[in-house]
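Single-structure report; data block below.
Whatever order the structure lists ligands and atoms in, that order sets their numbers, starting from 1.
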Amino acid sequence: MVIVMAPEATQEDVDAIVEVVSAAGGSAFVSRGVSRTIIGLVGDVAQFGALNLRGMRGVADVMRVTAPYKLVSRDNHPERSTVRVGGVPIGPGTVTLIAGPCAVESPQQTLEAAEMAKAAGATLLRGGAYKPRTSPYAFQGLGEEGLRILAGVREATGLPVVTEVVDAHDVELVASYADMLQIGTRNAQNFALLQAVGGIGKPVMLKRGMNATIEEWLMAAEYIAQRGNLDIVLCERGIRTFETATRNTLDVSAVPVAQRLSHLPVIVDPSHSGGRRDLVLPLTRAAIAAGADGVIIDVHPHPEQALCDGPQALVNGDLRELARVMRQLPPLLGKTAV
Ligand code: E4P
Ligand code: PEP
């Protein structure tokens, strides 16, 4: 069951609902969005029916929900949401370009990659300080040193930072440097980590698990929302299929499907899905044409020396075309590139 509060509802009104629900043996999870507060109820629905919640002060609507996710569902929140990251919008009406190195390797490499990203029109900088690697012998990232480098490059370029957190114990540390926390495909169903980022008060980009259905992805987002954080951006990054020509298969249909089911913004990672430089621009065009609210793209000044994912990084020569796509495609769809 979901309670939608009226825009003028006060904290006292919300507290009163939490109190009656708890007294009835249920749990109430409060999520504050930009325009309104939603309370998700877990417990015996029949018992909640006896509480006359609809008649309580500040309540705009009470809905029974059948979907296994409630707070991120569009049923209870028909307008699509915009998430702001350091003032940069991600949501309907805009196409946001996030770009930067796959991994932070050095101050020089990160700054060069950020300048390349900015020149292509990026308004947010990506870069991993903690890298989730398949092999324990592969480069694992610079850790906190990488976060410091990202903060320095943000200072130098003005680009807010998106960076991955892989361990629930590091959430506070990463959040103290990042403007948006990224949950990668390998941790997309790490429920303790999802709950930890849900409680930290910073926007979260949740990648789709490479083996997850869209419903499982939305339930993962619900874990974050349930802890009170509705500033979630979903990222389709390719799924495992029988195809071996590409690293993963970009599920373009996931964009409109997820946007229809959830009010959260949906972006696409054309770099990690295809895993090949020559596919990044075609997949970027496909993502924007399918209605993606943004794209997140790897760039590297010297991909042949990259410590992670060099083959998929765009180089300087590709950036003019990326900038052209960002300039020309969004307006054709009635959107603005940011
Ligand atoms: C990059 O961002 C990931 O850490 C990388 O794609 C992991 O893949 P790999 O460790 O299999 O190279
Ligand atoms: C990344 O974006 O750095 C990353 C590790 O991506 P994914 O989780 O999609 O593999």
Sub-4.0 Å atoms of ligand 1 with respect to non-hydrogen atoms of Pro132: 3 (C), 4 (O), 7 (C)

Subset of ligand 1 atoms that lie under 4.0 Å from at least one heavy atom of Lys131: 1 (C), 2 (O), 4 (O)

Within-shell test, Cys102 vs ligand 1, heavy atom, strictly < 4.0 Å: yes

Proximal ligand 2 atoms for Arg186, defined as those under 4.0 Å from one of its heavy atoms: 10 (O)

Identity and distance of the protein heavy atom lying nearest atom 6 (O) of ligand 2: Lys207 NZ, 3.0 Å

Which of the ligand 2 atoms, numbered from 1, are nearer than 4.0 Å to a heavy atom of Arg237: 7 (P), 9 (O), 10 (O)

CD (Glu155) with more than 12 external heavy atoms under 6.0 Å: no

Closest approach of any protein heavy atom to atom 9 (P) of ligand 1, naming residue and atom: Thr134 OG1, 3.3 Å

Contact partition for Glu164 relative to ligand 2, non-hydrogen atoms under 4.0 Å: side chain

Salt bridge (charged side-chain N to carboxylate O under 4.0 Å, His left out) between Asp61 and Arg54, worked out: CA-CA 6 Å; Asp61 207 354; Arg54 201 177 287 275; 3.1 Å; yes

Short side-chain donor-acceptor distance under 3.5 Å, His272 and Asp309: yes

Close approach, Gly128 and ligand 1, non-hydrogen under 4.0 angstrom: no

Contact check: Arg126 vs ligand 1, nitrogen or oxygen atoms, below 3.5 angstrom: no

Atoms of ligand 2 close to Lys131 [distance to a heavy atom under 4.0 angstrom, numbered from 1]: 3 (O)

Gln182 heavy atom under 4.0 Å from ligand 2: yes

Any Arg247 heavy atom less than 4.0 Å from ligand 1: yes

Counterpart residues, salt bridge (Lys or Arg N to Asp or Glu O under 4.0 Å), relative to Glu8 (two or more places apart): none

Any Leu125 side-chain heavy atom under 4.5 Å of Val153 side chain: yes

Side-chain donor-acceptor pair present, Glu144, Tyr177, cut-off under 3.5 Å: yes

Closest protein heavy atom (residue, atom, distance) for atom 8 (O) of ligand 2: Thr185 N, 2.8 Å

Selected option - heavy-atom contact closest to atom 4 (C) of ligand 2, from Arg126, His272, Arg247: His272

Sub-4.5 Å side-chain heavy-atom contact between Gln259 and Val266: yes

More than 12 heavy atoms from other groups under 6.0 Å of CD on Glu19: no

4.0 Å heavy-atom contact, Arg186 with ligand 1: yes

Heavy-atom check, side chain of Met5 versus side chain of Ile39, under 4.5 Å: yes

Ile98 vs Ile297 side-chain heavy atoms within contact, under 4.5 Å: no

Proximal ligand 2 atoms for Gly184, defined as those under 4.0 Å from one of its heavy atoms: 8 (O)

